[in-house]
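Before any comments, here is the structure.
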There are 2 protein chains.
Amino acid sequence: MTVTLADVAARAQVSPATVSRVLNGNYPVAAATRERVLKAVDELDYVLNGPASSLAAATSDLVGVLVNDIADPFFGIMASAVQAEIVGPGGRAGGERLAVVCNTGGLPERELTYLTLLQRQRAAAVVLTGGAVENEEHIAAVAAKLRRLTEAGTRVVLCGRPPVPDTDTVALTFDNRGGARQLTEHLLSLGHRRIGYVAGPEERTTTRHRLEGHREALAGAGGPTPDDLVVHGPYDRASGYTATRELLGRAPDLTALVAANDTVALGACAALREAGLRIPEDVSVAGFDDLPFSVDAVPALTTVRLPLSEAAARAGRIAMDREAAPEGGVDEVRGELMVRGSTGVPREA
Amino acid sequence: MTVTLADVAARAQVSPATVSRVLNGNYPVAAATRERVLKAVDELDYVLNGPASSLAAATSDLVGVLVNDIADPFFGIMASAVQAEIVGPGGRAGGERLAVVCNTGGLPERELTYLTLLQRQRAAAVVLTGGAVENEEHIAAVAAKLRRLTEAGTRVVLCGRPPVPDTDTVALTFDNRGGARQLTEHLLSLGHRRIGYVAGPEERTTTRHRLEGHREALAGAGGPTPDDLVVHGPYDRASGYTATRELLGRAPDLTALVAANDTVALGACAALREAGLRIPEDVSVAGFDDLPFSVDAVPALTTVRLPLSEAAARAGRIAMDREAAPEGGVDEVRGELMVRGSTGVPREA
DNA sequence: CTCTGGATAGAAAGCGCTTGCTATCGAGCC
DNA sequence: GGCTCGATAGCAAGCGCTTTCTATCCAGAG
C-alpha cells in the first residue's frame with residue numbers, strides 16, 4: 001500500500017541503509033548513487049515514516065511551543081516568532097522541524113497534559129511562553145516534568161516565564177515589575193494620586209509581578225496601595241470593562257487606571273467612555289505589552305512595550321541551539337515605557 | 001535508561017501485551033490486573049513512547065491545524081476553537097490528541113512543507129484554515145497532497161477555504177462575497193459613491209471574493225469599480241495605512257473606505273486621522289471579520305462579523321468525527337453586517 | 001464429574017527505519 | 001606487484017509498541 005524505504009531501495013537498486021543515509025545526509029554516499037536514490041524517491045513519491053524514523057533514531061523533529069491563549073495576540077506574536085526560527089530562516093532550511101503550538105488555555109492540567117504529550121513524542125525541544133500559574137503543587141509538577149524532559153534530551157526554553165529552579169532550562173524573563181513601576185511612576189509624575197488597577201488573574205506570575213511594580217511605585221511616592229482600588233480578572237477585554245465599572249463605583253474620584261495589559265485597557269476605555277468620562281481629560285488609562293492595536297486606539301494607549309517578537313525569536317534560536325544560552329541560564333528582558341495620548345495631567349492638578 | 005512498556009510489565013508481573021491493552025483500553029482486562037498495571041505505570045512514571053506506538057498501530061494522535069498567520073487574531077481565534085474541540089471538551093477527555101498549529105506565513109512552500117511533515121507523522125487529521133493562494137501550480141500540488149493524506153486515512157477539513165475538487169475533504173467556507181456585497185450596499189445606501197477599497201494580497205481567494213462582492217454591489221448600483229480606487233496589500237495594519245495615503249492622493253474626493261479586514265481598517269483610520277479627516281463625518285470606514293478589538297475602535301467599526309469560533313469548532317468536530325460532515329462535503333457560513341459608528345452619511349449628501 | 005465456552009493473559013511476529021560493524025573495491029605506496 | 005587504507009555499500013540487529021493467534025482457567029451445563 002504505502003511506499004516504504006525498502007521500495008525505494010529496490011527501485012534504486014541499493015540497500016535500505018543507503019536510502020536512509022541519502023535522506024539523512026549524515027554519511028558519505030557517492031554522488032551517482034545519491035542521484036539514483038533521489039530519483040526513486042521522487043518517482044515513488046515516497047514520504048518518510050516519521051514514527052518509524054523517530055523510533056529508530058530515538059529523536060524526533062517535533063518542537064513544542066506552549067502558549068496560554070493562542071487567540072491572544074500577545075501569544076500569537078511570540079508563537080509566530082518562535083516558529084519562524086524553528087522552521088529555519090529559509091522556510092525549510094535545515095532539518096525540517098515541525099514546530100507545533102499547543103494552547104493550554106492557561107489551565108494547569110492542560111499544561112501538564114501537553115508536556116506529557118510532547119514527552120511522549122520525544123520532542124526535540126519545548127518552548128514555554130507566558131506567565132506561569134503560581135500554585136505550589138502545579139509548579140512542582142511542571143518542574144518534575146521539565147526535569148524529565150531535559151534528561152531525555154529535550155531542550156527546554158522559557159520565554160516570559162520565571163526560571164524553574166533545579167532544572168536544565170533556559171529562561172528569558174520579562175521585567176514586568178520594572179515596567180509596571182515605570183508606568184505608575186509616570187502617572188504619579190503627572191500628578192495622579194487615586195489610581196485604579198485592573199489586575200490579571202490571581203495566582204499568575206505575570207499578574208503578581210506587574211502588581212508588585214505598581215505597588216513599589218506607589219510606595220516610593222509615599223502612599224500604600226488601597227486594596228479597594230485593585231480588581232482581578234482574566235486577561236481579556238470583558239474583564240477590563242467590568243472591572244472598570246466596579247472601580248468607578250468604588251472610587252468615583254480616581255483619575256487614572258492601569259490595566260493588566262492592553263486588551264484589558266481597551267475594555268476599560270469602553271467602560272469609561274460609556275460612563276461619559278473622557279480619556280485622558282477625566283481619567284488617564286495605561287496598558288501593558290504594546291500590542292499592535294494599541295497605537296491605533298483613540299487616544300493612543302500609553303503602555304509598556306515588551307519586545308515579544310525579539311525575545312521569542314531568541315528563545316527559538318536557543319531551543320534550536322543556534323544561539324548560546326545566556327550566562328546562568330537566565331536573562332531578563334526589559335520593557336520600554338511608551339507614553340502616548342491616553343495619559344495626561346489629572347483634572348484638578 | 002528510559003522506562004519502557006516491558007519494565008512496567010515486569011513490575012506488574014504481566015506481559016507487555018497486557019500493559020498495552022490496559023493503556024489503550026480496547027480489550028478486556030481484569031480489574032485487579034488493570035489496577036496492578038496502573039500502579040506500576042505510576043510508580044515507574046512511565047510515559048508511552050509515541051513514535052513506537054504510532055509505528056506499531058500505524059496511526060498517531062497528532063492533528064494539524066494550518067494557519068496563515070498565527071499572530072493575527074483572525075487565525076488565533078480559529079486555531080483556538082479547533083484545538084479546544086480536538087483536545088476534547090473536558091481538557092483531556094478521550095484519547096488525548098496533540099493538536100498542533102502550524103504557521104505557514106501564507107507561503108505556498110511552507111504550506112506544502114507542513115502538509116508533508118504532517119503526512120510523515122501520519123497525522124490523524126488536518127484542518128486548513130484561511131484563504132488559499134490562487135496559483136494553479138500550487139493548487140494542484142496541495143490537491144495532490146490532500147488526496148494522498150485522505151488516502152492514508154487522515155481526515156482533512158477546510159475552514160474558510162474553498163473546497164478542493166476531487167478530494168475527500170470537507171469544506172466550511174465563509175460567504176466573503178455576500179458579506180462584502182452587503183457591506184458596500186450599506187455604504188451605497190448611505191449615499192456614498194466614491195468608495196476606496198483596500199484589498200488584501202492578490203492571488204488569495206479571500207481577497208478575490210471580497211473584492212468581487214464589492215464590485216457586485218457597485219455594479220448593482222449602476223456603476224463600475226474604478227480601478228484606481230482599489231489598492232492591494234497584505235492583511236495588516238501597515239498596509240491599511242499606506243494604501244489609504246495612496247488612495248487619498250489619487251482620489252481626494254472619496255467619502256468612504258472599505259478595508260480587506262478589520263486590521264487593515266485600523267491602519268486606514270490612522271491614516272485618515274493623520275490627514276485631518278474625521279470618521280465618519282469626512283470619510284466612512286468599514287472592515288471585515290469583526291475581530292474583538294473592532295468594537296472598541298473609536299468610532300466603533302462597521303464590519304461583517306464572521307462566526308470564526310463557531311465555524312472552526314465545527315471544523316474541529318468534523319475532523320474528530322464527532323459531527324457529521326455537511327451534505328456534499330461543503331457548507332457555506334454566512335457573515336452578518338454589523339453597522340456601527342464608523343460609517344455614516346457622506347459630507348454632501 | 002467431565003465437557004464446553006467465555007473471559008483473560010501470553011507468545012511472538014512484525015511496523016519501517018537507523019546505525020554499528022563488516023565487506024568490497026580501487027588507488028596509491030614501498 | 002603485493003599491501004594498506006580511504007571511500008562506499010550492505011547486513012542485520014534492534015528501537016518500543018500493537019495485535020493476531022493461542023493457551024489457560026474456571027464457571028456452569030449436562
Side-chain angles (χ1 to χ4, degrees), chain A residues 1-38 40-41 44-62 95-96 117 119-124 152-153, chain B residues 1-38 40-41 44-62 95-96 117 119-124 152-153:
Chain A
M1 226 333 280
T2 57
V3 183
T4 72
L5 233 211
D7 299 329
V8 176
R11 172 144 200 146
Q13 315 254 54
V14 297
S15 73
T18 301
V19 177
S20 171
R21 303 207 252 245
V22 167
L23 261 23
N24 291 298
N26 49 12
Y27 190 90
V29 173
T33 313
R34 152 175 291 112
E35 288 300 291
R36 207 140 32 87
V37 170
L38 257 18
V41 165
L44 295 176
D45 209 5
Y46 170 69
V47 173
L48 193 66
N49 181 316
S53 165
S54 297
L55 171 58
T59 63
S60 87
D61 45 13
L62 227 61
E96 300 177 340
L117 244 24
Q119 179 185 0
R120 172 178 300 184
Q121 298 298 334
R122 305 301 190 249
Chain B
M1 225 332 280
T2 58
V3 183
T4 72
L5 233 211
D7 299 329
V8 176
R11 172 144 201 148
Q13 315 253 55
V14 297
S15 73
T18 301
V19 177
S20 172
R21 301 204 255 244
V22 168
L23 262 24
N24 291 299
N26 48 11
Y27 190 90
V29 174
T33 315
R34 152 176 290 111
E35 287 301 289
R36 205 139 34 86
V37 170
L38 257 18
V41 165
L44 295 176
D45 208 7
Y46 170 69
V47 173
L48 191 68
N49 182 316
S53 165
S54 297
L55 171 57
T59 62
S60 88
D61 46 13
L62 228 61
E96 301 178 336
L117 244 24
Q119 179 185 0
R120 172 179 301 185
Q121 299 297 334
R122 305 301 188 251

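Residue numbering restarts at 1 for every chain, and letters A, B, ... go by the order of the sequence lines. It should be emphasised that the depicted structure is a prediction, and the values quoted were computed from it without experimental measurement.
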Rounded to whole Å, CG of N26(B) lies from P of dT18(D) at a distance of 9 Å
So OG1 of T2(B) and CG of D45(B): to nearest 0.5 Å the spacing works out to 12.0 Å
Separation of dG16(C) atom C1' from Q121(B) atom CD, nearest Å, is 13 Å
Closest heavy-atom pair, V3(A) versus L44(A), reported as atoms and distance to 0.1 Å, is CG2-O, 3.6 Å
CG (N49(A)) and CG (L5(A)) are apart, to the nearest 0.5 Å, by 9.5 Å
In short, L55(A) meets P51(B) closest at the heavy-atom pair N-CB, 3.8 Å
Between CG of D7(B) and C1' of dC15(D) the distance, given in whole Å, is 14 Å
The correct set of residues in residues 17-24 of chain B placing a heavy atom under 4.0 Å from DNA chain D is A17(B), S20(B), R21(B), N24(B)
For R122(A) and L48(B), the nearest pair of non-hydrogen atoms, with its separation, is NH1-O, 3.7 Å
- Message: For Q121(B), is there any backbone N or O sitting under 3.5 Å from a side-chain donor or acceptor partner on S60(B)?
- Response: yes
Result for 5'-nearest mapping on DNA chain C, choosing between L55(B) and S15(B), is S15(B)
In short, side-chain hydrogen bond (donor to acceptor under 3.5 Å, both in side chains) pairs touching residues 23-37 of chain A with sequence neighbours left out are S20(A)-N24(A)
*List the steps and the verdict of side-chain contact (heavy atoms from CB on, under 4.5 Å) for V22(B) and V14(B).*
CA-CA 11 Å; V22(B) 168; V14(B) 297; over 6 Å; no
Heavy-atom nearest nucleotide on DNA chain C taken for A52(B) and for V14(B); more 5' hit belongs to V14(B)
Table of protein N/O atoms under 3.5 Å from nucleotides 22-27 of chain D N/O atoms:
none

Next on the checklist: Between V41(A) and L23(A), is the side-chain contact (heavy atoms from CB on, under 4.5 Å) condition met? List the steps.
Outcome noted: CA-CA 9 Å; V41(A) 165; L23(A) 261 23; 4.2 Å; yes
Rounded to whole Å, the CZ-C1' distance (R36(A) to dT8(D)) equals 12 Å
Atom CG of N49(B) and atom P of dC15(D) are separated, to the nearest Å, by 12 Å
Between CG of L5(A) and C1' of dA12(D) the distance, given in whole Å, is 15 Å
L44(A) atom CG is separated from dG16(C) atom P, nearest whole Å, by 15 Å
- Task: Name the nucleic acid region contacted by T33(B), choosing base, sugar-phosphate or nothing; use a 4.0 angstrom heavy-atom cut-off, strictly under.
- Result: sugar-phosphate
note: L48(B), atom CG; dG16(D), atom P; distance rounded to Å ~ 12 Å
